[in-house]
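All remarks here apply to the structure that follows.
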Amino acid sequence: MADPGTKDHRDVVSLTDDEKEKRVHREYLTQDESPAEMEARMKEAALVRKLDMFIAPVMMLLMLISYLDRGNIGFAATQGMTEDINLKGTELNTAVSVFYIFYILAEFPTSIVVKRLQFNRVIPTITFCWGLVCMCTGFVQSFGGLVTTRIFLGFFEGCLFPSMTLFLCNWYTREELGIRVAYLFIASALSGAFGGLIALGVLYMDGVNGWEGWRWLYVIEGLLTIVWAFCCIFLVPKSYETAYFLNADDKAIMRLRAERAEAYSGGSGHVSKADIIEAAKDIKSWVHGCIQIAAQYLVVPVNLWGAFVYAVGAYLSDRYQSRFWPMVLCAPIGIVGYTILIAPVSAGILYFATYLIATACFLCTGSNITWLSVNNAPDGKRAASMGILLTLTNIGGVVSGQIYYTGAAPRYVLGHAWSLGCLVFAWCGWWVVRAIYRRREREKDALLAEGYMRPEGRMYTDREPDFRYQI
């Protein structure tokens with residue numbers, strides 16, 4: 001008996017070109033999509049894959065390097081830095097916390113001015129500066145020197161994350177953004193997973209040329225950061241019009257994407273006083289930001305598992321355009337994990353608890369940032385709102401340096417209990433945010449039903465009825 005598949009193949013081959021075209025048209029029509037629309041969608045999907053090859057990896061490596069450089073102080077402290085520069089009492093915790101103070105001070109201004117200064121200038125410059133500071137940390141001789149380098153490191157790294165987030169907003173649509181912001185947090189997870197291995201290898205250089213191993217750690221990683229900063233001069237495009245990896249067809253598609261985005265969100269991307277006022281008086285900027293303070297405490301070991309969960313959650317969030325449910329479903333798993341950590345149980349169960357916490361930590365922090373970003377318009381208001389959120393975020397970093405202090409080892413009951421409370425607060429906060437968005441959507445539906453027309457001269461924002469929130 002002949003294979004049915006073979007017969008179908010012979011039937012297709014025997015069709016004339018005209019018959020084949022009609023058959024293709026019928027297949028497209030059954031999907032309510034014309035051949036031209038199908039082709040355009042496939043070309044845009046190919047373009048997005050190209051962006052994922054040339055844009056996302058550059059940002060991921062920047063994120064990974066920044067987390068390695070800021071986390072070196074922990075490895076250095078365990079390898080003799082505390083004794084070598086005569087740190088006493090809580091001076092190490094102070095050096096950890098002061099980083100976040102200047103990190104906070106840098107984030108909001110960066111969000112406001114980075115697009116005007118141009119990403120291709122700002123990102124390589126700040127990367128070079130923090131690499132230089134990291135390298136200089138290898139030469140410190142006292143508490144004062146350490147604090148000075150931590151201040152500058154905090155400032156320059158504080159410029160990075162808002163720059164990267166807003167840079168991604170320029171290249172990806174709001175429907176694509178969730179998984180791309182997830183890439184940044186996956187990179188930070190990888191830094192936690194492999195940073196210790198890198199540090200271990202470098203620290204074996206202890207005694208080379210009479211230098212302590214922790215000094216080599218700072219110098220080598222600082223030099224690597226400086227090298228990558230020079231690479232970014234060529235790898236971070238000024239715009240899609242000058243991108244080295246896009247051909248003429250790709251740039252045409254990017255123009256259409258930019259027009260769609262501008263028609264939906266409005267604005268030039270430059271932040272005006274009106275944008276800042278709109279962001280500041282919009283309650284969602286502050287609620288998301290307060291939630292982010294809580295969620296920021298969740299970065300703990302078992303980073304690879306956390307990165308995997310976040311990647312899956314971010315993909316599903318983009319796929320189904322749902323920002324709320326992944327966080328609300330994963331947060332209780334983290335709550336259980338922290339509850340176990342403060343309980344008197346065996347070491348094996350405590351280790352299992354870290355997996356539960358990692359299930360929530362990266363997904364909750366990154367998804368909350370994405371949720372606010374995709375629900376803001378125009379671009380200037382988005383930048384100002386992100387500045388508010390990121391500034392509030394790193395207040396948590398200042399506190400964490402004090403509640404997870406050396407004297408609390410190995411249980412860290414205060415730190416874990418605080419983190420547990422913060423995660424519960426975040427979980428409740430997301431329900432509040434969801435209620436805000438749903439109420440606003442009902443108000444917009446009512447306005448549209450009444451035939452609402454935007455008054456002449458009024459600035460277009462996400463409060464306009466034709467802007468639909470992703471919930």
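Please read these numbers as outputs of a predicted model, since none were measured by experiment. As a basis for the values below, the full set of heavy atoms in this structure was taken, side chains included, without hydrogen atoms, waters or symmetry mates.
Distance alone, capped at 3.5 Å, places no donor-acceptor pair between the Asn72 side chain and the Tyr218 backbone. The backbone N or O of Asn376 lies less than 3.5 Å from no partner atom in the side chain of Asp462, so there is not a single donor-acceptor pair. Proximity of a side-chain donor or acceptor of Arg215 to a complementary backbone N or O of Met81 within less than 3.5 Å is not detected. At distances below 3.5 Å, not a single donor-acceptor pair connects side-chain atoms of Ser367 with backbone N or O atoms of Cys364. No donor-acceptor distance shorter than 3.5 angstrom exists from the side chain of Asp69 to the backbone of Cys134, with no hydrogens or angles considered.
Of all the heavy atoms in Thr359 and Val309, the pair that sits closest is O-CG1, 3.4 Å. Residues Ser111 and Gly387 come closest through the heavy atom pair OG-CA, 3.3 Å. Taking every heavy atom of both residues into account, Leu153 and Val133 meet most closely at N-CG1, 3.8 Å. Of all the heavy atoms in Ile73 and Ala95, the pair that sits closest is CD1-CB, 4.1 Å. Closest approach of Trp211 and Val219 over heavy atoms only: CZ3-CG2, 3.5 Å.
With sequence neighbours excluded, no residue forms a side chain to side chain donor-acceptor pair (under 3.5 Å) with Thr110. With sequence neighbours left out, the side chain to side chain donor-acceptor pair (under 3.5 Å) criterion links Arg434 to no other residue. Partners of Lys238 under the side chain to side chain donor-acceptor pair (under 3.5 Å) rule, at least two apart in sequence or in another chain, do not exist in this structure. Applying the side chain to side chain donor-acceptor pair (under 3.5 Å) criterion to Tyr172, with sequence neighbours excluded, gives Asp52. By the ring-ring contact (aromatic ring centres under 6.0 Å, His included) test, Phe324 is found to be paired with Trp431, residues two or more places apart in sequence or in another chain being considered. With sequence neighbours left out, the ring-ring contact (aromatic ring centres under 6.0 Å, His included) criterion links Phe156 to no other residue. Taking Ala353 as the reference, Ile340, Leu341 meet the side-chain contact (heavy atoms from CB on, under 4.5 Å) condition, with sequence neighbours excluded. Checked against ring-ring contact (aromatic ring centres under 6.0 Å, His included), Phe152 has no partners two or more places apart in sequence or in another chain. Taking Phe352 as the reference, nothing meets the ring-ring contact (aromatic ring centres under 6.0 Å, His included) condition, with sequence neighbours excluded.
Contact check for Lys88 versus Phe143: no side-chain heavy atoms found under the 4.5 Å cut-off. At a threshold of 4.5 Å between non-hydrogen side-chain atoms, the residues Phe245 and Leu51 count as touching. Looking at Thr173 and Val48, their side chains never come closer than 4.5 Å, going by heavy atoms from C-beta outward. Between Tyr67 and Leu184 there is no side-chain heavy-atom pair separated by less than 4.5 Å. A heavy-atom distance below 4.5 Å is not found between the side chains of Met164 and Phe119. A 4.5 Å side-chain heavy-atom check between Phe167 and Pro237 finds at least one atom pair inside the cut-off. You'll find the side chain of Cys232 reaches within 4.5 Å of the side chain of Leu62, heavy atoms only. Looking only at side-chain heavy atoms (C-beta outward), Ile85 and Trp214 come within less than 4.5 Å of each other.
Aromatic ring pairs are classed by plane angle as parallel below 30°, tilted from 30° to 60° and perpendicular above 60°; the pair Tyr351 and Tyr355 is perpendicular. The aromatic rings of Tyr103 and Tyr100 sit tilted, their planes meeting at an angle between 30° and 60°.
Applying the salt bridge (charged side-chain N to carboxylate O under 4.0 Å, His left out) test to every pair with at least one member in residues 142-166, sequence neighbours left out, gives these pairs: Arg70-Glu157. For residues 96-105, no pair satisfies salt bridge (charged side-chain N to carboxylate O under 4.0 Å, His left out), with sequence neighbours left out. For residues 307-317, the pairs satisfying side-chain hydrogen bond (donor to acceptor under 3.5 Å, both in side chains) are Ser317-Arg323, with sequence neighbours left out.
In summary, the aromatic rings of Phe425 and Trp418 are positioned with their centroids too far apart to meet the 6.0 Å limit. Under the 6.0 Å cut-off for aromatic ring centres, Tyr437 and Trp371 qualify, their centroids lying closer than that.
Tested against Asp445 for a salt bridge (Lys or Arg N to Asp or Glu O under 4.0 Å), the candidates Arg468, Arg438, Arg439, Arg440 yield a single pass: Arg468.
More than 12 heavy atoms of other residues, nucleotides or ligands sit less than 6.0 Å from atom OH of Tyr244.
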